[in-house]
Amino acid sequence: MKHLIDPTDLSVEEIDSILNLALDIIENKEKYSEVCKGKKLATLFFEPSTRTRLSFEAAMMELGGNVLGFSSADSSSATKGESVGDTIRVVGCYADIIAMRHPKEGAPMLGSMVSPVPIINAGDGGHNHPTQTLTDLLTIKREKGDLNNFTIGLCGDLKFGRTVHSLIKALSRYEGIKFILISPKELKVPDYIITEVFEKNNIDYREVTTMEEVMPELDIIYMTRVQKERFFNEADYVRLKDTYILDKSKLKNAKETLSIMHPLPRVNEISTELDDDPRAAYFRQALNGKFVRMALILTLLGVNV
Ligand code: CP
């Protein structure tokens with residue numbers, strides 16, 4: 001039995017196979033509409049979500065399966081003191097696969113150690129968000145046609161932004177990717193990403209503090225929200241939250257072929273004036289999340305179509 005806790009739990013070949021399955025689902029939706037009949041997905045969200053939870057649920061429904069679960073810790077027996085391990089053991093009696101989001105780093109890993117069914121990490125604290133990474137990879141594949149040889153600027157809260165950490169880990173295994181890390185000094189990527197991912201694998205990266213200085217080089221700009229919920233101090237959040245706002249003026253020197261991505265939700269990081277720009281890929285990205293989660297569910301359940 002396989003779980004998905006960290007993006008590197010999947011080999012490059014396994015990722016490519018999930019992305020190709022997602023592309024086939026997009027082209028042949030009818031073929032997949034009953035393949036999970038009789039199967040149940042549990043979504044255990046101890047932390048708020050719109051895209052991840054609802055796209056997981058829509059994914060299972062479009063595969064002909066059923067969903068159960070909760071959307072906040074408050075409506076679960078966690079409020080009575082039940083441990084993550086016990087919750088997972090019990091829900092594993094009711095569901096065939098579990099997608100779990102938790103504010104504590106490592107909680108889905110803990111759950112996977114006692115789970116009778118596959119566990120999917122749907123985001124753990126500021127650590128990882130591997131299904132957002134699959135969403136991002138499918139988006140890059142569809143927008144750019146390739147997962148190799150491009151320059152990506154990751155902009156915003158690179159310290160607490162779990163989507164960025166997971167995406168860096170996944171993309172670092174492809175060829176010819178240049179990473180430009182755009183953040184204020186307080187929100188730089190954690191040291192372990194620099195040493196364990198970039199330096200260990202001899203990957204081309206640099207850190208800058210403005211998007212203007214690198215905009216002409218970028219094939220993709222990946223904007224992120226400053227993660228209010230991870231700050232210890234409200235004043236620091238208020239000071240940093242609007243450091244980067246992408247608007248028409250900032251794109252003056254950008255490539256015509258630039259792709260603008262954002263895992264969403266956005267607050268102010270991308271002006272709505274860009275929403276109709278053909279380079280704005282973030283709503284297409286959200287849709288890709290449903291298809292890639294359909295492919296992941298099929299893969300982890302071992303359903304062959
Ligand atoms: N991208 C993402 O994880 O969004 P939600 O928090 O709404 O699930």
Side-chain angles (χ1 to χ4, degrees), residues 4-7 18-19 22 41-62 67 69-76 97-105 107-108 119-140 142-143 152 154-171 220-231 237 241 244 246 259-270 272 275 280-297:
L4 177 60
I5 305 300
D6 184 288
I18 290 169
L19 301 186
L41 164 77
T43 52
L44 309 187
F45 278 61
F46 296 86
E47 203 183 49
S49 166
T50 295
R51 272 145 296 276
T52 311
R53 186 173 66 84
L54 296 182
S55 66
F56 260 118
E57 295 186 357
M60 192 50 153
M61 289 176 193
E62 291 192 25
V67 295
F70 51 80
S71 58
S72 80
D74 290 350
S75 59
S76 78
I97 185 164
I98 296 172
M100 173 188 175
R101 171 172 289 187
H102 202 284
K104 287 215 174 86
E105 285 88 352
I119 296 282
I120 302 169
N121 177 6
D124 62 326
H127 190 213
N128 273 311
H129 194 346
T131 66
Q132 181 64 47
T133 298
L134 291 172
T135 301
D136 299 341
L137 295 178
L138 180 62
T139 303
I140 294 171
R142 296 187 79 191
E143 299 287 322
I152 182 167
L154 300 156
C155 180
D157 184 351
L158 309 188
K159 178 179 179 181
F160 296 118
R162 59 191 173 200
T163 67
V164 166
H165 306 157
S166 288
L167 184 57
I168 289 172
K169 285 189 200 172
L171 278 179
I220 298 170
I221 184 155
Y222 188 99
M223 299 298 295
T224 62
R225 176 179 66 91
V226 175
Q227 306 276 300
K228 181 180 183 183
E229 62 275 32
R230 316 260 177 247
F231 275 73
Y237 169 71
K241 71 185 172 67
Y244 304 108
L246 186 64
S259 293
I260 304 167
M261 296 177 61
H262 192 312
L264 305 178
R266 84 174 139 188
V267 184
N268 282 326
E269 311 79 55
I270 303 178
T272 53
D275 290 355
Y282 32 95
F283 292 118
R284 295 191 289 275
Q285 189 178 351
L287 177 60
N288 287 332
K290 181 183 70 176
F291 297 124
V292 91
R293 289 181 176 105
M294 290 170 80
L296 178 66
I297 290 168

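Values reported hereafter were calculated over all heavy atoms of this structure, with side chains retained and with hydrogens, waters and symmetry mates removed. We count ligands from 1, going down the list as the structure has it; atoms in each ligand are counted the same way.
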**CA sep, side-chain torsions, deciding dist, call: R284, T139, side-chain hydrogen bond (donor to acceptor under 3.5 Å, both in side chains)** = CA-CA 7 Å; R284 295 191 289 275; T139 303; over 6 Å; no
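- Close approach of ligand 1 to T50 (heavy-atom distance below 4.0 Å) involves ligand atoms 5 (P), 7 (O), 8 (O).
- Residue P48 has no N or O atom closer than 3.5 Å to an N or O atom of ligand 1.
- At least one cation-pi condition fails for R101 and F45: the charged atom is not both under 6.0 angstrom from the six-membered ring centre and inside a 45 degree cone around its axis.
- The main-chain N or O of P130 is never found under 3.5 Å from a side-chain atom of N128 such that the two would form a donor-acceptor pair.
- Heavy-atom proximity to atom 3 (O) of ligand 1, evaluated over R51, H129, R53, Q132, is greatest for H129.
- Between R162 and E105 there is no salt bridge, since no side-chain N of the basic residue sits under 4.0 Å from a carboxylate O of the acidic one.
- Using modelled atom types, no side-chain atom of H102 and backbone atom of E47 make a donor-acceptor pair closer than 3.5 Å.
- Taking the side chain to side chain contact (heavy atoms under 4.5 Å, CB included) definition, one finds that E269 meets it with M223, R225, H262, R266, V267, sequence neighbours left out.
- Among protein heavy atoms, atom 6 (O) of ligand 1 sits closest to R101 NH1, 2.9 Å.
- Contacts between L264 and ligand 1, counted as non-hydrogen atom pairs separated by less than 4.0 Å, involve the backbone only.
- Shown in contact with T52 at under 4.0 Å from a heavy atom are these atoms of ligand 1, numbered in order with element: 2 (C), 3 (O), 4 (O), 5 (P), 8 (O).
- When only interatomic distances are considered, the shortest N/O to N/O separation between P265 and ligand 1 does not fall below 3.5 Å.
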